[in-house]
Undergrad: 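One structure coming up, written as structure tokens, with questions to follow.
Remember, predicted model here, so these are calculated numbers, not experimental data. Indexing begins at 1, ligand by ligand and atom by atom, following the structure's order.
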Amino acid sequence: MRSLAPVHRYLLKYKWLFITGAVFVGLANVFQVYAPGFIGDMIDTVSVNADELKQNKDAALAQSVFRQLLIYALLFMAFTGIRAVFMFFMRQTIIVMSRRIEFDQKNELFQHYERLTPAFFKRNNTGDLMSRVAEDVGRVRQYVGPAIMYFLNLVFNFIFAIWMMLSINPTLTAYVLIPLPLLSISIYFVNSIINRRSEHIQAQLSTLTSIAQESFSGIRVIQAYAREKTTVAFFDKECDDYKEKSLSLARVDAMFQPLMVLLIGASVLLTIFVGGWQVIEGELSPGNLAEFIFYVNMLTWPVTSLGWVVSIIQRAAASQKRITEFLEIKPDIENEDYPPHQPAGSIRFEHVSFTYPDTGVEALRDVSFQLKKGEKMAIIGRTGSGKTTIADLLFRLYDPTEGVIYFDEIPASRIPLHDLRKGVSAVPQDVFLFSDTIQNNIAFGNPHATREQVEQCAKYASVHDEIMRFPNGYETVVGERGVTLSGGQKQRISMARAFLKDSPVIILDDALSAVDADTEHTIIGNMRQYLEDKTAIIITHRVFNLMQFDRIIVLHEHAIAEQGTHAELMAGKGLYYNLFLSQEKASDTKLV
Ligand SMILES: Nc1ncnc2c1ncn2[C@@H]1O[C@H](COP(=O)(O)OP(=O)(O)OP(=O)(O)O)[C@@H](O)[C@H]1O
Ligand SMILES: [Mg+2]
């Protein structure tokens, strides 16, 4: 129960819905509990007058009995109708409240996710994150909605029905109540079995879904390696497991219903048996007996729901615990209230080292460099040397393990995160486009941009002409169901997006890896104009001799091996020089 404490905060928020809901539950029960009295009255009226009517055929008496019965019947119907109206309002308040809480909680979780760093998303798989937003929140809703509603109903129902029964006949009440705890306990047990098995089914279903999802995304690889049969067989096996688990649930379910009918039947039988005896002895009227049968039936539902409510509460507590676990994770990047600062463009790395927290892989060692506003720098290095890590540190996806990064001589950790990220635009190495139009993908960082601005940036990225060749131009939908773009096109659209953000600092992480040398020439030509007054960091495997870099750093095994201008590095005859030569040779052979 303690793990559900965070949910009760929400109950407080919607206290008026909750309180009026509770009042409606109470009122519905008042009308429910008085209704059987009229049935009892009807039976008693008939049984008192039956003999008299049979012998005398008194028309006047018959009419008055009939009128009496009609009044009771109408009253019964009216009470039942009013009860139905209150029940409607009870659902309109409590269930509506639970939906609002669900809405709030989903938003809270999603907002929290959005603040967490990539490290968190590496640690937790997408399926798990999704299931917390969807399933766990849904289970908590079951608690604040149906469970609370039925529990309140149960309490009122119990108090009122037992009150009425005691006022009619305490002995009979005691007899009738005997089988009910048994009913409640057995329902609780069966329900736990059902829940456990449902859980297994749920887990198996998510396995099935991820297998399907993965094989659809990887269909090209599967088909290229002719592994369709194996994949199908694997899926088949998991499906079979799912079927077995579903059947085992169905078996318990099938037992559950008859068990309930049996136990409820036992209660009713006991009432008729003991009550009937009392009628014969003259201690109870036939009408009261009928009323009792009503009450027993009335009690069986709350008693049944008790087991159900308890198991919902248990599940909700487990779910809320998982939700709270996530909400308590602090973002790795602290963002305190520092005065706003828009980076102007000068950057300094001071003895920056970085080790990835989860794997303990040292990705950067003692990296220092300085860039003034408007300067251009290239980072060159073998794969795995730490280039992308520099980019990630720059816009604070991670904080350095040692050393400091300065923007305009202010440590990055003292600049509000939002300002810092507005000031740095990045073209990531692994391009990501949303399932949306090209226009919206480019305008992602600047939704109010005009079509002209979007086109201008597409021109800087040398992708405008290709976009115009699509039948729908900028309105072409990309992503899962849209047109599939080539790797190079995606890269350049991603570049156009970064250009449109128009930040003083821009980082291109291997942004030209998927284009050929000619296109590369064109792109660099177009880009140069755009980069004029920007501080630019260009990460690459290849040596560019087209662009004048103010500084080139060569990363080797996570540290800076060489640093200088093209001429200086060539004169040094080190790594850079060798790389340049081997590249020249490669392009010569290609040309031949
Ligand atoms: N999220 C991560 N968690 C743990 N280790 C990582 C992570 N990302 C990268 N690494 C490791 O850090 C080192 C540097 O990686 P980085 O991505 O910076 O290399 P890179 O120079 O960009 O390589 P490439 O040219 O292939 O893109 C590598 O050894 C890599 O295995
Ligand atoms: Mg990289």
Undergrad: I'd like to know whether the aromatic ring centres of Tyr406 and Phe349 sit less than 6.0 Å apart in this structure.
TA: no
Undergrad: Is it the case that the ring center of His566 lies less than 6.0 angstrom away from the ring center of Phe580?
TA: yes
Undergrad: Is there side-chain contact between Ile537 and Leu508, with at least one heavy-atom pair below 4.5 Å?
TA: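 They are not in contact (no side-chain heavy atoms under 4.5 Å apart), so the answer is no.
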Undergrad: Check for me whether Gly381 has a heavy atom closer than 4.0 Å to any atom of ligand 1.
TA: no
Undergrad: Any idea which atoms of ligand 1 are less than 4.0 Å away from a heavy-atom of Thr383?
TA: 23 (O), 24 (P), 25 (O), 26 (O)
Undergrad: Please determine whether a side-chain nitrogen of the Lys or Arg among Lys237 and Asp240 lies less than 4.0 Å from a carboxylate oxygen of the Asp or Glu.
TA: no
Undergrad: Can you tell which part of Thr359 has a heavy atom less than 4.0 Å from ligand 1: side chain, backbone, both or neither?
TA: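 It is the side chain that touches ligand 1; the backbone stays farther off.
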Undergrad: How far is atom 23 (O) of ligand 1 from its nearest protein heavy atom, and which residue and atom name does that atom have?
TA: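 Looking at atom 23 (O) of ligand 1, the protein heavy atom closest to it is Gly384 N, 2.8 Å.
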Undergrad: Check this for me - ligand 1, Ala363, N or O atoms closer than 3.5 angstrom, yes or no?
TA: no
Undergrad: Is the ring centre of Phe120 less than 6.0 Å from the ring centre of Phe326?
TA: yes
Undergrad: Nearest heavy atom to atom 19 (O) of ligand 1 wins, so pick from Gly386, Ser513, Ala391.
TA: Gly386
Undergrad: Judged by atom type as modelled, is there a donor-acceptor pair below 3.5 Å linking the side chain of Arg492 to the main-chain atoms of Gly488?
TA: yes
Undergrad: How far apart are the closest heavy atoms of His558 and Val367, and which atoms are they?
TA: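 Answer, listing the atom of His558 first, then Val367: O-CG2, 4.3 Å.
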Undergrad: Quick check: does Val361 get an N/O under 3.5 Å from an N/O on ligand 1?
TA: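 No, no N or O pair falls under 3.5 Å.
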Undergrad: Could you check which of His558, Gln429, Glu557, Arg382 puts a non-hydrogen atom nearest to atom 27 (O) of ligand 1?
TA: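 Residue with the shortest heavy-atom distance to the ligand atom: Gln429.
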Undergrad: Could you tell me whether Arg421 sits above the aromatic face of Phe395, with NZ or CZ closer than 6.0 angstrom to the six-membered ring centre and within 45 degrees of the axis?
TA: no
Undergrad: Salt bridge check: are Lys459 and Asp465 linked by an N-O gap of less than 4.0 Å?
TA: no
Undergrad: Which of the atoms in ligand 1, numbered in the order shown and given with their element, are less than 4.0 Å from a heavy-atom of Thr389?
TA: 14 (C), 15 (O), 16 (P), 18 (O)
Undergrad: Please determine if Lys387 has a nitrogen or oxygen closer than 3.5 Å to a nitrogen or oxygen of ligand 1.
TA: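 Yes: some nitrogen or oxygen of Lys387 is under 3.5 Å from one in ligand 1.
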Undergrad: Begin with the C-alpha distance, continue with both residues' side-chain angles, and end with the deciding distance and a verdict on side chain to side chain donor-acceptor pair (under 3.5 Å) for His351 and Asp366.
TA: CA-CA 4 Å; His351 302 294; Asp366 196 20; 2.7 Å; yes
Undergrad: What protein heavy atom sits nearest atom 9 (C) of ligand 1, and how far away is it?
TA: Tyr356 CE1, 3.5 Å
Undergrad: Looking at Thr388, which atoms of ligand 1 are within less than 4.0 Å of one of its heavy atoms?
TA: 17 (O), 18 (O), 20 (P), 22 (O), 27 (O)
Undergrad: Within 45 degrees of the ring normal and closer than 6.0 Å to the centroid, is that where the cationic atom of Lys106 sits relative to Phe110?
TA: no
Undergrad: What's the shortest distance from atom 1 (N) of ligand 1 to any protein heavy atom, and which residue and atom give it?
TA: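 Going atom by atom, the protein heavy atom closest to atom 1 (N) of ligand 1 ends up being Lys122 NZ, 3.1 Å.
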Undergrad: Strictly by ring pair (Phe, Tyr, Trp, His ring centres under 6.0 Å), give each pair with a member in residues 194-220 just once, sequence neighbours left out.
TA: none
Undergrad: Can you check whether a protein heavy atom sits less than 4.0 angstrom from atom 31 (O) of ligand 1?
TA: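 No, there is no protein heavy atom closer to it than 4.0 Å.
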Undergrad: Have a look around the Mg ion (ligand 2) and list protein N/O/S atoms under 2.8 Å, or say none.
TA: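 Within the sphere that stays under 2.8 Å of the Mg ion (ligand 2), the protein atoms of type N, O or S are Thr388 OG1, Gln429 OE1.
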Undergrad: Could you establish whether Asp510 and ligand 1 come within less than 4.0 Å of each other, counting only heavy atoms on the residue side?
TA: no
Undergrad: Donor-acceptor check, side chain of Gln453 to backbone of Thr450, threshold 3.5 angstrom: yes or no?
TA: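 Such a contact is found between Gln453 side chain and Thr450 backbone.
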